[in-house]
2 protein chains.
Amino acid sequence: MAVTIKDVAKKANVSPSTVSHVIADHSRISLDTKKRVRRAMKELGYHPNVNARSLAGRSTQAIGVIMPPSSETGFQNSFFSEVLRGVGSLAHEAGYSLYVSTGGDEQQSFEEVKRMVYGSHVDGIILLYSRVSDPVVDFLVTTHFPFILVGKPYINESKITYVDNDNVAASKDITNHLIDLGHQYIGFIGGSTDLVVTVDRLQGYQQAIKLANLPTFPDYIVHAEFLNSGGRKTVKRLFSLEMPPTALVIADDIMSFGVINMLEEIGISCPEDISITGFNNLYLSEITRPLLTTVDIQIFNLGVQAAKCLIEKTKDKEEPAKRIIVPHEIIYRNSTKALLKRV
Amino acid sequence: MAVTIKDVAKKANVSPSTVSHVIADHSRISLDTKKRVRRAMKELGYHPNVNARSLAGRSTQAIGVIMPPSSETGFQNSFFSEVLRGVGSLAHEAGYSLYVSTGGDEQQSFEEVKRMVYGSHVDGIILLYSRVSDPVVDFLVTTHFPFILVGKPYINESKITYVDNDNVAASKDITNHLIDLGHQYIGFIGGSTDLVVTVDRLQGYQQAIKLANLPTFPDYIVHAEFLNSGGRKTVKRLFSLEMPPTALVIADDIMSFGVINMLEEIGISCPEDISITGFNNLYLSEITRPLLTTVDIQIFNLGVQAAKCLIEKTKDKEEPAKRIIVPHEIIYRNSTKALLKRV
DNA sequence: GTGAAAGCGCTAACAA
DNA sequence: TTGTTAGCGCTTTCAC
């Protein structure tokens, strides 16, 4: 059996409650006693039992992190592990532990959230994704359980604290970059339309196109969740249009990259024949050829901010709903090019 | 305050301990009582408090997962999130929760492990990496805390339960594939030599080369942890050798991919001028151009097996040290090509 | 400043 | 078959 507070108390010739006070660094304990107790702890190798703590106190010092049901992530894996690192980094600093649910299917996710909430497993929850409709969010809202969304809520925006980029603006910015380069026929390729991030990036693209009075074609907007078979066809169809795009705004680096390769197969090369942009600034985008012009969204920082917010929130339940916007930055590289003339 | 076992007991007109027995589905409780109690639980919306359970019982029903200190992972992010998913999938099935440490630096990792162990946070730990020398492993061994290594232990192999691929064989296999294609000048590019997996893959490569009586050059073996600046130079130097390789065994898909692009820059193209193989069969390798010939190591399954092993181990502490080898498979694609003649 | 005592919600002997 | 009774290790009034 592990060494307990009682053992320490005995060794230091104080009562268990005194030891507890020392742990909490209570101010009414004399420095002398503190020293004595701390020495005893060291010598005995004392470590508090977290379960007992959470049971007696009411805080678990743990936060739950929910990754999306895997069906929807597609290729975004490295995004999630990077946010997770951000969360973990701040959590560690603040002495919090991380409980994670890796998703699985939707039902499994929901079960794990319930388990965390009802079981008093965690003090709060961070959702690493935001969907157009999500029972988990509804559940968290109605139970008034502290949680943070990484991404923008689809509904209840004013009631939910969330950390996000301004994806609409970011998408607008990068579309404008393409427009500035002289492109007029610009397409958009996004992932699942269930994800709010896709919706936002699409919207930013559309705003930019509209503002510039560029022609719009319904066929210019495609959603390819995976780049195999089905996705490939959809994308290739874009280029059998009468007026194929000369530039493409794509909502994810990995997708951009897949599309670049796909197009190469049919003799369209980037950036000579087409300009392509990405999102996320993954490590990948630094080693592709061409180097990808993309939007850096500070993934790690997104996680850090979310954790910070959540911890504040668990400390003060009355903390109002906040919105944290992590700035984005366009990274100009080689996958975009000025359009000289329309061939 | 949440509803407790006592509330349920009152409502069902039984004692708290009876409720507890019902939860454990104890056989000595009459079916009638069980039904009554269960109904009461439903009606009241009862959910057991995990902390109280872990405190009273001795099992936390949680497993700790340690991701590597981030400095060493380089680009392997998607590997880790995939193993994590595997672990999570089985853990969920078995009713276990996941505690994760996301690494940070080495010291932070160690602290979190100690926290998990000493704080009775988890019943066992899964380490997602194996290094040549790791204080965490030493700690876990000496404290006799149940743990599983994903990867091969560098020392104490017989005392540690681990889940791994046969990386030596896998690397040998893929090297042989190159040899079969007629290549004689084959180089190796690996990641950090601190990682056992790198050591193993290098060894497999060397064995194959030796067995085939091919020429060996010290310069043919390079370790590039990152593909920017330093890494690029090292790799490019390979091709200023008198006798540059015609094929390359690379220890990670992302690296392979980076190298392919890097070489393209200096006019060497794959597979025409050089054959290149990868490891891991990431999603990425299906969308690169050329499609990557690589080794599928069943990442998800690695996680599943690790979780299964660990859970068995926590149930029976006397479980002997085991070794689980997850089979690998070479995925033949387009980045390798028969060598017709040496130019 | 320090300690006694109650109790957090649950499990697990042991009684009945 | 069910209930009684101790704790698990800790926090936290409230006395002293």
Side-chain angles (χ1 to χ4, degrees), chain A residues 1-38 40-41 44-62 95 97 115-123, chain B residues 1-38 40-41 44-62 95 97 115-123:
Chain A
M1 204 84 304
V3 19
T4 79
I5 216 173
K6 279 188 192 165
D7 304 320
V8 177
K10 205 163 287 171
K11 176 124 188 169
N13 272 317
V14 293
S15 78
S17 66
T18 302
V19 177
S20 176
H21 286 141
V22 173
I23 292 172
D25 204 13
H26 222 286
S27 56
R28 333 198 150 241
I29 302 289
S30 72
L31 212 87
D32 191 51
T33 328
K34 280 191 185 172
K35 286 207 161 134
R36 202 147 32 89
V37 171
R38 293 216 173 100
M41 298 199 297
L44 263 41
Y46 169 76
H47 292 267
N49 178 309
V50 254
N51 298 117
R53 281 194 107 168
S54 336
L55 186 57
R58 57 137 110 334
S59 143
T60 63
Q61 296 281 103
S97 306
R115 199 183 145 110
M116 288 186 188
V117 173
Y118 288 137
S120 305
H121 244 308
V122 298
D123 292 341
Chain B
M1 201 84 306
V3 18
T4 78
I5 215 172
K6 278 188 194 165
D7 304 318
V8 177
K10 206 164 289 171
K11 175 123 188 170
N13 273 317
V14 293
S15 78
S17 68
T18 302
V19 177
S20 175
H21 285 141
V22 173
I23 292 171
D25 205 13
H26 222 285
S27 56
R28 324 188 161 248
I29 303 289
S30 71
L31 212 87
D32 191 51
T33 329
K34 279 191 185 172
K35 287 205 162 136
R36 203 146 34 88
V37 171
R38 295 217 172 98
M41 299 200 296
L44 263 41
Y46 168 78
H47 291 269
N49 178 310
V50 255
N51 297 117
R53 282 193 105 169
S54 336
L55 185 56
R58 78 277 278 40
S59 143
T60 63
Q61 296 280 103
S97 305
R115 199 183 144 110
M116 288 185 188
V117 172
Y118 288 136
S120 305
H121 245 308
V122 298
D123 293 341

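Note: hydrogens, waters and symmetry copies are ignored here, and every other heavy atom, side chains too, is used. Here the structure is a predicted model, which means the values were calculated and not measured.
Among residues two or more places apart in sequence or in another chain, the side chain to side chain contact (heavy atoms under 4.5 Å, CB included) test is passed with B/Ser97 by A/Tyr99, A/Arg115, A/His121, B/Ala62. With sequence neighbours excluded, the residues that form a side chain to side chain contact (heavy atoms under 4.5 Å, CB included) with B/Asp7 are B/Val3, B/Thr4, B/Leu44. By the ring pair (Phe, Tyr, Trp, His ring centres under 6.0 Å) test, A/Tyr46 pairs with no residue at all, sequence neighbours left out. Considering only residues two or more places apart in sequence or on other chains, A/Thr33 meets the side chain to side chain donor-acceptor pair (under 3.5 Å) condition with A/Ser30.
Both A/His47 and B/Ile29 sit near DNA chain D, but only B/Ile29 has its closest nucleotide nearer the 5' end. Toward the 5′ end of DNA chain D lies the nearest nucleotide of B/Val14, the other residue of the pair B/Val14 and A/Asn49 mapping further downstream.
At whole-Å resolution of the value, CG in A/Asp25 and P in D/dC10 are 17 Å apart. Between A/Arg28 atom CZ and C/dG3 atom C1' the separation is 15 Å, expressed in whole Å. With rounding to whole Å, B/Lys10 atom NZ is found 12 Å from C/dG9 atom P. Taking atom NE2 of B/His26 as the reference point, atom C1' of D/dG3 lies 14 Å away to the nearest angstrom. The nearest whole Å value for the distance from the CG atom in A/Leu55 to the C1' atom in C/dC8 is 4 Å. Remark: P of C/dG9 and OH of A/Tyr118 are 17 Å apart, rounded to the nearest angstrom. Here the P atom of nucleotide C/dT2 and the CG atom of A/Leu31 are 10 Å apart, to the nearest Å. Residue B/Asn51 contributes atom CG, which lies 9 Å from atom C1' of C/dG9 at whole-angstrom precision.
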Only distances under 3.5 Å count here; give the side-chain donor-acceptor pairs of residues 19-27 of chain A to other protein atoms, sequence neighbours excluded, each with its distance to 0.1 Å.
| residue | atom | partner | partner atom | Å |
| --- | --- | --- | --- | --- |
| A/His21 | ND1 | A/Ser17 | O | 3.3 |
| A/Asp25 | OD1 | A/Lys34 | NZ | 2.9 |
| A/Asp25 | OD1 | A/Arg38 | NH2 | 3.2 |

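A salt bridge (charged side-chain N to carboxylate O under 4.0 Å, His left out) check over residues 9-19 of chain B, counting only residues at least two apart or in different chains, returns the pairs B/Lys11-B/Glu43.
Counting any heavy atom pair closer than 4.0 Å across all strands shown, A/Ser120 reaches no nucleic acid atom.
Side-chain contact annotation: B/Ser59 with B/Asp123, donor-acceptor N/O pair under 3.5 Å present.
When each of C/dG9, D/dT2, C/dT2 is scored by its nearest atom to the side-chain atoms of B/Ser30, the top-ranked nucleotide is D/dT2.
The distance from the CG atom of A/Asn49 to the CG atom of B/Asn51 is 9.5 Å, given to the nearest 0.5 Å. For the atom pair NZ (B/Lys35) and CD1 (B/Ile29), the distance works out to 15.0 Å, reported to the nearest 0.5 Å.
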Any protein N or O atoms within reach of nucleotides 11-14 of chain C? Criterion: under 3.5 Å, listing atom names and distances.
| residue | atom | partner | partner atom | Å |
| --- | --- | --- | --- | --- |
| C/dT11 | OP1 | B/Arg53 | NE | 2.8 |
| C/dT11 | OP1 | B/Arg53 | NH2 | 3.3 |
| C/dT11 | OP2 | B/Ser20 | OG | 2.8 |

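Terminal axes of the helix from C/dG1-D/dC16 to C/dA16-D/dT1 (five pairs each, C1' rotation axis) are separated by 40°, to the nearest 10°.
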